Amino acid sequence: MKYIVVSLLLIVVCVLLMQNYQNTSNNDVAGFALKTTPKKIKEIALPADYQRVSTAPGSFGSYLRNLPLKSSPTVYLYNGNRKRNQQAQYAVLDVDVGKKNLQQCADAVMRLRAEYLYKNKLYSRIQFHFTNGSLASYAQWRKGFRAKVRGNKVRWVKTHGFDESYATFRQYLETVFMYAGSYSLNKELQKVPHTKDIQVGDVFIQGGFPGHAVLVVDVARHSRTGVLLFMLAQSYMPAQDIHILKNPNNKQLNPWYSVAQLRAELETPEWTFKKNNLKRF
């Protein structure tokens with residue numbers, strides 16, 4: 001009888017250990033395992049002797065650093081299912097993905113940029129081009145203009161009254177996600193000549209069908225050498241939670257990436273960019 005009891009106790013212990021491993025495995029590879037779960041991007045730990053590069057209050061960079069994180073590191077798709085690959089993310093942003101398969105790669109970058117501008121009432125600056133080159137302006141959208149798409153042509157027709165509610169803003173974004181993407185966003189952004197000039201809010205982007213884009217959500221500098229680190233966030237296909245990417249090639253720095261270690265390419269868990277793919281709003 002006592003052997004049965006001991007066996008049952010061993011089984012219980014093993015189950016508890018496996019649960020603990022599953023709950024922490026996404027973050028414990030970081031070289032500095034998390035003692036407490038960060039609640040915002042700016043609370044994610046830094047390697048020794050690094051300090052975050054200052055961002056101006058009210059700037060896009062400051063907004064990104066203050067984005068909230070979920071307590072769970074699990075990435076879910078737009079339909080509520082778990083993403084098949086759970087090894088790419090370090091943490092998950094507490095930003096809804098919507099109920100449609102729309103907020104994918106470049107869409108997540110546009111979402112966060114637009115949310116920042118909307119929060120600060122910079123409505124006239126919320127605008128993105130569709131893939132065919134047509135400009136989708138939120139300033140016009142809130143006045144009631146809607147896109148009438150026929151083939152590759154777009155007409156903007158006034159069909160609604162003035163509305164600047166958040167719900168209408170999200171409808172605008174859904175339309176942008178339908179007709180814009182990495183190809184069009186890549187054309188809008190300005191090239192950053194040198195990665196040593198990287199800033200919070202910059203974008204690594206390859207425009208195409210498919211293409212991809214990841215957003216720089218934090219930057220830090222070594223207090224003595226001046227070497228820069230940066231952190232990346234992405235969504236992917238199908239539409240899924242926006243998440244902080246792991247560094248697949250440096251577990252000691254993870255989730256940070258080092259500018260000094262960049263060669264010709266930037267390898268992320270699900271996409272490889274060229275070093276010169278860095279751009280800026």
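No experiment lies behind these values; they were computed from the predicted model shown.
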Quiz item: Say you draw a straight line from CZ of Arg221 to OG1 of Thr225; how long is it, rounded to the nearest 0.5 Å?
Solution: 9.5 Å
Quiz prompt | Test item: Gln234 and His212 side chains (from C-beta on) under 4.5 Å apart, heavy atoms | solution = yes
Quiz item: Is there side-chain contact between Val95 and Glu115, with heavy atoms separated by less than 4.5 Å?
Solution: no
Exercise. Quick one: pull up NE2 in His243 and CD in Gln86 and give me the separation to the nearest 0.5 Å.
Key: 9.0 Å
Quiz item: What residues, two or more places apart in sequence or in another chain, satisfy side chain to side chain donor-acceptor pair (under 3.5 Å) together with Tyr118?
Solution: none
Kindly list each side-chain donor-acceptor pair under 3.5 angstrom involving residues 64-72, sequence neighbours excluded, with atom names and distances?
unit_1, atom_1, unit_2, atom_2, d
Arg65, NE, Asp218, OD1, 2.5
Arg65, NH1, Val53, O, 2.6
Arg65, NH1, Thr55, OG1, 3.4
Arg65, NH2, Val53, O, 2.6
Arg65, NH2, Asp218, OD1, 3.0
Arg65, NH2, Val219, O, 2.9
Asn66, OD1, Lys42, NZ, 2.9
Asn66, ND2, Ser62, O, 2.8
Ser72, OG, Thr74, N, 3.2
Ser72, OG, Thr74, OG1, 3.3

Quiz item: Does the side chain of Ser258 come within less than 4.5 Å of Leu229's, by heavy atoms?
Solution: yes
Quiz item: If only atom types and distance count, is the side chain of Asn186 paired as donor or acceptor with the main-chain N or O of Ser182 below 3.5 Å?
Solution: no
Quiz item: Among all residues two or more places apart in sequence or in another chain, which pass the side chain to side chain donor-acceptor pair (under 3.5 Å) test with Arg146?
Solution: none
Exercise. Mind checking side chain to side chain donor-acceptor pair (under 3.5 Å) for Gln240 and listing every partner two or more places apart, or none if nothing turns up?
Key: Lys83
Quiz item: Taking the six-membered ring of Phe145, is NZ or CZ of Lys158 closer than 6.0 Å to its centre and within 45° of its axis?
Solution: yes
Quiz item: What is the distance from atom OG of Ser184 to atom CG of Leu135, rounded to the nearest 0.5 Å?
Solution: 11.0 Å
Exercise. For Thr268, check side-chain contact (heavy atoms from CB on, under 4.5 Å) against everything at least two apart and list the hits.
Key: Leu232, Leu245, Tyr257, Leu266, Trp271, Phe273
Exercise. Start with the C-alpha distance between Leu102 and Met178, add both sets of side-chain angles, then the distance that settles side chain to side chain contact (heavy atoms under 4.5 Å, CB included), and finish with yes or no.
Key: CA-CA 7 Å; Leu102 292 174; Met178 287 177 64; 3.6 Å; yes
Quiz item: Can Trp141 and His160 be said to form a side chain to side chain contact (heavy atoms under 4.5 Å, CB included), step by step?
Solution: CA-CA 9 Å; Trp141 185 279; His160 294 68; over 6 Å; no
Quiz item: Roughly how far, to the nearest 0.5 Å, is the NZ atom of Lys191 from the CG atom of Asn276?
Solution: 4.0 Å
Self-check item: Gap between atom CD of Glu265 and atom OG1 of Thr272 - 0.5 Å precision
Solution: 6.0 Å
Give the table of side-chain donor-acceptor pairs shorter than 3.5 Å for residues 193-205, with sequence neighbours excluded, one pair per line with atom names and distance.
unit_1, atom_1, unit_2, atom_2, d
Asp202, OD1, Arg280, NE, 2.7
Asp202, OD2, Gln199, N, 2.8
Asp202, OD2, Arg280, NH2, 2.9

Quiz item: Is there side-chain contact between Phe281 and Leu185, with at least one heavy-atom pair below 4.5 Å?
Solution: yes
Exercise. To the nearest 0.5 angstrom, please state how far the OG1 atom of Thr131 sits from the NZ atom of Lys187.
Key: 9.0 Å
Exercise. Flag the pair Leu93 / Asp241 as yes when at least one side-chain heavy-atom distance between them is below 4.5 Å, and no otherwise.
Key: no
Practice problem: For the residue pair Phe177 and Leu173, establish whether any side-chain heavy-atom pair is separated by less than 4.5 Å. | Solution: yes
Practice problem: Please check if the side chain of Tyr172 supplies one atom and the backbone of Ala136 the other of a donor-acceptor pair under 3.5 Å. | Solution: yes
Quiz prompt | Row check, Phe60 ring normal vs Arg113 NZ/CZ: under 6.0 Å, within 45° | solution = yes
Quiz prompt | Main-chain N/O of Ser165 paired with Asp163 side-chain donor or acceptor, under 3.5 Å | solution = yes
Exercise. Apply ring pair (Phe, Tyr, Trp, His ring centres under 6.0 Å) to His129 and list each qualifying residue two or more places apart in sequence or on a separate chain.
Key: none
Self-check item: Cys105 side chain near Met237 side chain, heavy-atom distance below 4.5 Å
Solution: yes
Practice problem: If you link ILVMFWY side chains whenever their heavy atoms are less than 4.5 Å apart, which other residues fall into the same cluster as Val92? By chain and number, please. | Solution: Val75
Exercise. Measure the shortest side-chain to side-chain distance between Arg142 and Phe169 over non-hydrogen atoms and say whether it is less than 4.5 angstrom.
Key: no
Quiz prompt | Pairs flagged by side-chain hydrogen bond (donor to acceptor under 3.5 Å, both in side chains) wherever residues 95-108 is involved - sequence neighbours left out | solution = Asp96-Arg111, Asp96-Arg170, Lys100-Glu174, Asn101-Gln104, Gln103-Arg111
Exercise. Can you sort out the partners of Asn249 under side chain to side chain donor-acceptor pair (under 3.5 Å), two or more places apart, ordered by chain and number?
Key: Glu267
Quiz item: Got a sec, which residues hit ring pair (Phe, Tyr, Trp, His ring centres under 6.0 Å) with Tyr76, two or more places apart in sequence or on another chain?
Solution: none
Exercise. Please identify each residue that fulfils side-chain contact (heavy atoms from CB on, under 4.5 Å) with Ser134, with sequence neighbours left out.
Key: Phe130, Asn132, Val154, Trp156
